[in-house]
A.B. asks: 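I am attaching a structure below and will ask some questions about it afterwards.
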There are 2 protein chains.
Amino acid sequence: MSIQQRRERERAERERLIVTAARDLAEAEGWDAVTTRRLAAEIEYSQPVLYSHFKGKGAIMAAVAVQGCADLAVELRAARTAAKGTREALAAVGRAYADFARRRPALYDAMFTLATDLPFATSEAPAPLKEAFGELLAVVEPITADGEDTALLTETYWAGLHGLVTLMRSGRLPKRAHEERLALLIGHFAAGGE
Amino acid sequence: MSIQQRRERERAERERLIVTAARDLAEAEGWDAVTTRRLAAEIEYSQPVLYSHFKGKGAIMAAVAVQGCADLAVELRAARTAAKGTREALAAVGRAYADFARRRPALYDAMFTLATDLPFATSEAPAPLKEAFGELLAVVEPITADGEDTALLTETYWAGLHGLVTLMRSGRLPKRAHEERLALLIGHFAAGGE
DNA sequence: TCCTGTTGCTAGCAGTGCTAGAAATCGACG
DNA sequence: CGTCGATTTCTAGCACTGCTAGCAACAGGA
């Protein structure tokens, strides 16, 4: 019984090792550098070991993404609770979101741009994912106008943030004036539509 | 002299053939299906011929993207000129943009999501690209509030649209309520910030 | 000490983008 | 008309990818 438990513990430990190695490697050299061979070398095991833990490379990236969502949720919460008013909270969380994407681009990609089979918009979505979205929801709720749906408005605000960071990082928007664009987005949402 | 010209003509023709074959294949089966071998077979030439026209696969995708921008510009212009008022124009162009992304996902990816070395935010950007952005600019200009920069506001509006379509298509936003989210975005921009 | 079942490995498959060097083609000229 | 020379195009291959079949080594139990 105890032997079995120890083995499972070691196995879980190795699984964590894989995920963190993938994240570190991706953050250091980008996802293109994260090959199964390279990852196997990093954890000092052979390639097929990865497949005894995850269905494939995509599943490893999904695990990294979930972990990333937890990180993001923490940062968004910190920004939200530190802000004074409702409008300041909206702005602070928006800035924290953009800052997260700027500081950790590879992690952000795994979470929100690269193809994933992770359930997002359903009730089976992983908890960290819901938490991160919940932080956005919490700051959008107070600025929701009459007749507007808070959830939908949050999704729309999120989309605005996501568009800004992705277009900028792919070089499709100039890096300068990023702050101004962010302020415009926040301003237009805080002001209320219709 | 004439022989030289005919050769260049045929060469240009074949280059167009490559680009359209890449676009068609991508739209039919996705960019993953567009391999250099497959593309070569499609145009009935051998693989290395592609590299006598383009630096690599990325350059072919960039060419497809530029063509796609021209298509998008046409559709946005049609939506803009058909709309009555300034607010209606903003909404019509936004809807046309989202509709383009929905109808031609592979083309949209090549233009706005996949990595590209295309100059976007500079003055050397290809003309079709500037045209498409110009259409957005034209509908945002009238709704720009005092003290706001039209170009920056257009970029922000674009980012909002881009975020909505990409998050939805990757399954991160539910497909339902897409119209409502779009309406929220348009409403909040038309209303003016601050 | 032997047996058995699990675990992790080596080796390999089918595919990718890309390229060096051979082969074929075609216009120009004797 | 036939040959040469240059350009064009192809064959074959490299180094790499994600992934897997099947073998070896090692563990615990009898």
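Chain letters run A, B, ... following the sequence lines, proteins first and then strands; every chain starts at 1.
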A.B. asks: Indicate, with a heavy-atom threshold strictly under 4.0 Å, whether A:Arg14 touches base, sugar-phosphate, or nothing.
C.D. replies: sugar-phosphate

A.B. asks: Between B:Thr36 and C:dG17, is there a contact of a side-chain N or O with OP1 or OP2 at under 4.0 Å?
C.D. replies: yes

A.B. asks: Does the ring of B:Tyr45 carry B:Arg14 above it, NZ/CZ under 6.0 angstrom from centre and within 45° of its axis?
C.D. replies: yes

A.B. asks: Nearest whole Å is fine: how far is C:dG17 P from B:Lys55 NZ?
C.D. replies: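 Distance check: B:Lys55 NZ to C:dG17 P gives 17 Å.
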
A.B. asks: Distance check needed: D:dT8 P versus B:Glu44 CD, whole Å only.
C.D. replies: 21 Å

A.B. asks: Does any donor-acceptor pair link the side chain of B:Gln47 with the base of C:dC18 at a separation under 3.5 Å?
C.D. replies: yes

A.B. asks: Output, in order, the C-alpha distance, side-chain angles, deciding distance and verdict of ring-ring contact (aromatic ring centres under 6.0 Å, His included) for A:Tyr97 and A:Tyr108.
C.D. replies: CA-CA 10 Å; A:Tyr97 184 97; A:Tyr108 189 89; 5.7 Å; yes

A.B. asks: I need the CG-C1' distance between B:Leu39 and C:dC18, as an integer number of Å.
C.D. replies: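 One finds 14 Å between C1' of C:dC18 and CG of B:Leu39, rounded.
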
A.B. asks: Which comes earlier along DNA chain C counting from the 5' end, the contact point of A:Arg11 or that of B:Val34, where each point is its nearest nucleotide?
C.D. replies: A:Arg11

A.B. asks: Aromatic ring centroids of A:Phe189 and B:Phe189 under 6.0 Å?
C.D. replies: no

A.B. asks: Rounded to whole angstrom units, what separation is found between the CE atom of A:Met61 and the C1' atom of D:dC19?
C.D. replies: 16 Å

A.B. asks: Check this one for me: any side-chain N or O of A:Thr35 less than 4.0 Å away from OP1 or OP2 of D:dT17?
C.D. replies: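 The answer is yes; a side-chain N or O of A:Thr35 sits under 4.0 Å from OP1 or OP2.
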
A.B. asks: Once you round it to whole Å, what is the distance between P of C:dC18 and OH of B:Tyr51?
C.D. replies: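 One finds 4 Å between P of C:dC18 and OH of B:Tyr51, rounded.
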
A.B. asks: Counting only heavy atoms not in A:Arg16, do more than 12 fall under 6.0 Å of its CZ?
C.D. replies: no

A.B. asks: Less than 3.5 Å between a donor and an acceptor, one on the side chain of A:Arg37 and one on the base of D:dG18, is that the case here?
C.D. replies: yes

A.B. asks: In whole Å, what is the span from the NE2 atom of B:His53 to the C1' atom of C:dG17?
C.D. replies: 18 Å

A.B. asks: Given atom NZ of B:Lys57 and atom P of C:dG17, what is their separation to the nearest angstrom?
C.D. replies: 5 Å

A.B. asks: In Å and rounded to the nearest 0.5 Å, what is the OG1 to NE2 distance from A:Thr166 to B:His162?
C.D. replies: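 With rounding to 0.5 Å, OG1 (A:Thr166) is 3.5 Å from NE2 (B:His162).
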
A.B. asks: Closest-nucleotide mapping onto DNA chain D: is A:Arg38 or A:Pro48 further toward the 5' terminus? I mean the 5' end.
C.D. replies: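 Closer to the 5' end of DNA chain D: A:Arg38.
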
A.B. asks: Over how many whole Å does the gap from A:Leu50 atom CG to D:dT20 atom C1' extend?
C.D. replies: 13 Å

